[in-house]
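This one's a predicted model, so the numbers in the text were calculated from it and none came from an experiment.
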Amino acid sequence: MLSSTRLLCRTALLAFSLCTGTAAHAQVAAASLPSVESFYARSTFGAALLSPNAKYLAVRSGAPDRRDALVVIDLATNKPTVVAVYDDADIDAYRWVNDERLVYNVADKKSAPGDAMYAPGLYAVNRDGTRHEQLASRGPGGSSGTRKMLPWNTFLLDQAGMQDSEFIYVTNPILDTAREVRHVDLLRLNTLTGQTQKVARPHPFKGWILDHKGEPRIGVTSDDGRMAIYYLDPATASWRQIASFASFGNPPEAFTPVGFGPDGTMYVTANAGKDATALHTFNFATGKIN
């Protein structure tokens, strides 16, 4: 049996070993943790988007001494080409227009959202950096050569679109005197010429959804506490109302259109009288969710 002195020595030695081992482990763990700066550094490579033919990759690329740039990589050769970069703005959102052309907007990532002084604008460029066009102003007024640009309140639609021509769809929110959105116009924009055509609508829509072919198919209104959903029927080329319900109170018939599948099926989210929201399909023939 160990004496009390030897037992105390061994206990102290074991405690010292555990402490030093724990300290060493903590030092290794601390050394392996990323720095605070790494959470705020510009991403070297991110937000990758394949071209429609999957031969090119558009990415947003950053560096410590440079604003975020738009880069296109030829996947056959892995050759990168910087197609857009600015001294006073960063590339923000972008989309492929077709296999040759992209559209994008910009932001000042050095400023907080509340301190932003300019709108995101709208630009288009070929994947080799040619045919660069500013399509929408970042502030009041603005022109591009002899062509007047679209106003600052022209925004890139958060949907892929057709991707088979030089056209895209953009939104133009119209504000009232209180600076509230009265309605949202949908414009068909030629990214080469800057010319637009307003999409006809039966009512002042506040939201739009494109179908699986990239064409306008759903319009949403919200007025006097009610929401209505309209469908542009391809069989008749005319709009018809497919639903109307109270905007508040979670009525059982309410649903929110999400988008279209490749076969033309429209997907919606709905509670359908239950306590949880689920994904459903919508039957245009019956006007009901499945």
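- Note on Phe282 and Phe260: same hydrophobic cluster, where clusters join Ile, Leu, Val, Met, Phe, Trp and Tyr whose side-chain heavy atoms are under 4.5 Å apart, directly or indirectly.
- For the residue pair Met162 and Glu215, the shortest heavy atom distance occurs at SD-OE2, 3.2 Å.
- Taking every heavy atom of both residues into account, Pro257 and Ile209 meet most closely at CB-CD1, 3.4 Å.
- Panel note: side chain Gln134, backbone Met149; no donor-acceptor pair is recorded below 3.5 Å.
- Of the residues listed (Ile174, Asn153, Thr171), the one engaging Val184 in a side-chain contact (heavy atoms from CB on, under 4.5 Å) is Thr171, and it is the only one.
- Asp99 places a side-chain N or O within 3.5 Å of a backbone atom of Asn53 that can act as its donor or acceptor partner.
- Closest non-hydrogen pair, Arg179 versus Leu175, comes out as CZ-CD1, 3.8 Å.
- Aromatic ring centres of His203 and Tyr230: separated by under 6.0 Å.
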Does the salt bridge (Lys or Arg N to Asp or Glu O under 4.0 Å) test come out yes or no for Asp185 and Arg201, once each step is laid out?
CA-CA 9 Å; Asp185 286 332; Arg201 51 177 172 75; 3.1 Å; yes
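- With salt bridges taken as basic N to acidic carboxylate O contacts below 4.0 Å, none links Arg66 and Asp90.
- Formation of a donor-acceptor pair under 3.5 Å by the Asn126 side chain with backbone atoms of Asp128 is not found in this model.
- The two residues Phe245 and Pro251 make their nearest non-hydrogen contact at CB-CG, 4.2 Å.
- Here the side chain of His280 pairs a donor or acceptor atom with the backbone of Asn290 at under 3.5 angstrom.
- In plain terms, the two heavy atoms of Asp158 and Arg95 that are nearest each other are OD1-NH2, 2.7 Å.
- Here Tyr104 contributes atom OH and Arg60 contributes atom CZ; the two are 13.5 Å apart, rounded to the nearest 0.5 Å.
- Following chains of ILVMFWY side-chain contacts shorter than 4.5 Å, one cannot reach Leu57 starting from Tyr94, and the two form parts of different hydrophobic clusters.
- Residues Thr191 and Leu135 come closest through the heavy atom pair O-CD2, 4.0 Å.
- Under a cut-off of 6.0 angstrom, the local environment of CD in Gln241 is crowded, with over 12 non-hydrogen atoms contributed by other residues, nucleotides or ligands.
- In this structure a side-chain-to-backbone donor-acceptor pair under 3.5 Å is present from Ser165 to Phe167.
- Arg67 forms no cation-pi arrangement with Tyr86, by the criterion of a distance under 6.0 Å to the ring centre and an angle within 45° of the ring axis.
- In terms of hydrophobic clustering, with Ile, Leu, Val, Met, Phe, Trp and Tyr side chains grouped at heavy-atom distances under 4.5 Å, Tyr169 and Trp208 are assigned to a common cluster.
- No option in Lys55, Arg127, Arg131 other than Arg127 meets the salt bridge (Lys or Arg N to Asp or Glu O under 4.0 Å) test with Glu100.
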